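First the structure, in the form of structure tokens, and then the observations on it.
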Amino acid sequence: MGENENATKTDFIRSKITDDLKLGKYSGRVHTRFPPEPNGYLHIGHAKSICLNFGIAAEFTGLCNLRFDDTNPEKEDVEYVDSIKEDVKWLGFDWQERMFYASDYFDQLYEWAVQLINTEKAYICELKSEEFKGYRGTLTEPGKNSPHRNRSATENLELFSGMKAGKFEENRYVLRAKIDMSHPNLHMRDPVIYRIINASHHRTSSKWHIYPMYDYAHPLSDSIENITHSLCTLEFEIHRPLYDWFIHALELESRPQQTEFARLNLTYTIMSKRKLLELVTEKLVHGWDDPRMPTICGLRRRGYSPNSIRNFCDKIGITKFNSSTDIALLEHCVRDDLNTTSKRVMVVLHPLRVVIENYPENQVEELDAINNPEDESMGSRKVPFSKEIYIEQNDFLEDAPKKFFRLTPGKEVRLRYAYYITCTQVVKDEETGEIIELRCTYDPETRGGSSPDKRKVKGTLHWVSARQAVDAEVRVYDRLFTVEEPDAVKDDDGYEKFLNPASLEILTNCKAEPSLADASVGSRFQFERQGYFNVDPDSASSEQLVFNRTIALRDSWAKKNK
RNA sequence: UACCCCGUGGUGUAAUGGUAGCACAACAGUUUUUGGUACUGUUUGUCUUGGUUCGAAUCCAGGCGGGGUAGCCA
């Protein structure tokens, strides 16, 4: 499956581009951009946009730029720039030499603002922000012209260069576009295009005291970069007339067009940058890369592969309809990818000691185990077997129902790649009644897991030889929220009530097969019969290996027993 | 209640005036040395009312429902 290269995508944006190309627009060029603001970490919703923009560029033999929309120094930081670059790269996309910053264009943007002043399309306004609101009108009433609207170009120019030179305190003046104070679209009511900010910028430091607004900087940056199709999310739809207005007012040759699509919503998660930041700062999670976070770095640490995320982005489609994608689809995509790529291995999460009474005391056998039944080229490995092993606690039941295929007194099961065993005795703690050990016998004729008489054994258990076992910690994750739409709560910050208290369970007494002893950080495995796991970076500083559970295997037995 | 956008199974999407299809989910079964994978089957849909048309999910009009917009954020 994977890439689905022949499956031509036909969403409305690609259709539009195809039409544009037929009409000979942009002389056949397609050039997109991914324009994050460096004020937070990228999440799965950004991945949708990244896959769209870079994907379209690749499909139409065009280009896609990475551009940091860094017009607000108060919120932005290099920390975010670095993480964004890393995440886009990790997802598998390449901006080649085309990494830009809106701040690269501040000089040009300033010149163009001067041009707008000279053509009487912009003016300096000194309304206080309270007054400003009064003049703007409301959704249902038109606004009124600012008393400074007809200031002379000369005076405007003088004030604007004073603003630039840092002569004024913040909020004293703004530069506004002169459009129409009675326009039904509020964004067209003489919007602010420059404001005074006396903060240090992460790239231009103290060079500027004025910073352009998004609505002004974005279309012009697109135009400078010769972008043809500027793709953004639905909430910018109402900004489009402004986007076009600046490009026309400045009579620019390069005229990109903006098209909007619906952002990604995922069930059981939140996607707002503000709320994700809150989870981090209030220590409700352990950081931006907490494996429970929907951030790219969180998913990476959790064990998601870039391919699985790209496949997911292909499957969700692109529309203008506000929808909510079932997180089960994401989970399907990661299982689907990891099934074909990850090495099988045996790890016991909740160990129960089993002594095989008729097995020779000090004997150790090296048994063959297949690394991946989906991919023969991944070969096989040896797993040690001995008299004492661990199995999973829930693979034994003293009083088992009919459909229970696992170990129960008197019934035979298969140990994967090893032998058939039968439970003969249950050893319990005299005080608590807790099962502490099982006594079993094995059939020496069943080495490797099959018998000469072909007798049927329904259950197969994973196991680990006790003496060779490697100790491990396993972090088992569940969804972060208990409700499908934590974002939909009325009182805006009440979503914390819906945090899942069981979203992280730490198991510290796990037993892994010895081949895992030197597993490297980040490597992904399937723990047979349990799920997909990867090695957490904490392994480097921890006494024992630390694994994250990426996702459990589908489990029709557990489902039936709910 | 101003303007703009959007309504297709439970969910996400396709069909561009001509047989409503795919995926996920759910359910049932086959295979299986992972109760995994694979495979097969089943259930469920065009918001509504009119109109145009031989023919409408698609075009038109009204209604209903959802979303967006009043930062000197992006």
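This one's a predicted model, so the numbers in the text were calculated from it and none came from an experiment.
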Considering only heavy side-chain atoms of A:T325, the closest of B:G35, B:A15, B:G12 is B:G12
Relative to the 5' end of RNA chain B, which residue comes earlier, A:S323 or A:F404, by the nucleotide with the nearest heavy atom?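 Final value for this comparison: A:S323.
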A:F160: which residues meet the ring pair (Phe, Tyr, Trp, His ring centres under 6.0 Å) condition with it, sequence neighbours left out?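 In terms of ring pair (Phe, Tyr, Trp, His ring centres under 6.0 Å), with neighbours along the sequence ignored, A:F160 is linked to A:Y110, A:Y194.
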Does anything in residues 339-347 of chain A reach RNA chain B, meaning a heavy atom under 4.0 Å, and if so which residues? A:N339, A:R344
Qualifying side-chain hydrogen bond (donor to acceptor under 3.5 Å, both in side chains) pairs with a residue from residues 161-175 of chain A, counting only residues at least two apart or across chains: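 Qualifying pairs: none.
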With sugar-phosphate taken as primed atoms, P, OP1 and OP2 and all else as base, the protein-contact string of nucleotides 63-74 of chain B at under 4.0 Å (heavy atoms; B, S, -) is ----SBBBSBSB
Could you write nucleotides 24-29 of chain B as a row of B, S and -, 5' to 3', where a protein heavy atom under 4.0 Å of any base atom gives B, of only sugar-phosphate atoms gives S, and otherwise -? SSSS--
Sorted by chain and number, sequence neighbours left out, side chain to side chain contact (heavy atoms under 4.5 Å, CB included) with A:F321 holds for A:T319, A:S323
Name all residues meeting the side chain to side chain contact (heavy atoms under 4.5 Å, CB included) criterion together with A:D11; count only those two or more places apart in sequence or in a different chain, and write none if there are none. A:K9, A:I13, A:R14, A:I318
What pairs with [X] under side chain to side chain donor-acceptor pair (under 3.5 Å), at least two apart in sequence or on another chain?
X	result
A:S182	A:D180
A:S49	A:N53
A:D337	A:S305, A:N307

Taking NZ, NE, NH1 and NH2 as the nitrogens, is one of them in A:E225 or A:R33 under 4.0 Å from a carboxylate oxygen of the other?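 Answer for the salt bridge query: no.
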Less than 4.0 Å between a side-chain N and a carboxylate O, is that true for A:E331 and A:R479? yes
Check if the side chain of A:E374 and the base of B:G36 share a donor-acceptor pair of N or O atoms closer than 3.5 Å. yes
Do the side chain of A:Q526 and the base of B:U34 come within less than 3.5 angstrom through a donor-acceptor pair of N or O atoms?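 It does, because a donor-acceptor pair links the side chain of A:Q526 to the base of B:U34 below 3.5 Å.
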Dot-bracket, RNA chain B: Watson-Crick or G-U, under 3.5 angstrom, [ ] crossing, | other strand? .((((((..((((....[..)))).(((((.......)))))....(((((..]....))))))))))).....
Check every strand shown and say whether A:T319 touches a base, only sugar-phosphate, or nothing at a heavy-atom separation below 4.0 Å. sugar-phosphate
In residues 122-130 of chain A, what donor-acceptor pairs under 3.5 Å come from side-chain atoms, sequence neighbours left out?
residue	atom	partner	partner atom	Å
A:Y123	OH	A:D190	OD2	2.6
A:E126	OE2	A:R151	NH1	3.4
A:E126	OE2	A:R151	NH2	2.6

With A:R203 as partner, the option from A:D70, A:D104, A:D77 fulfilling salt bridge (charged side-chain N to carboxylate O under 4.0 Å, His left out) is A:D104
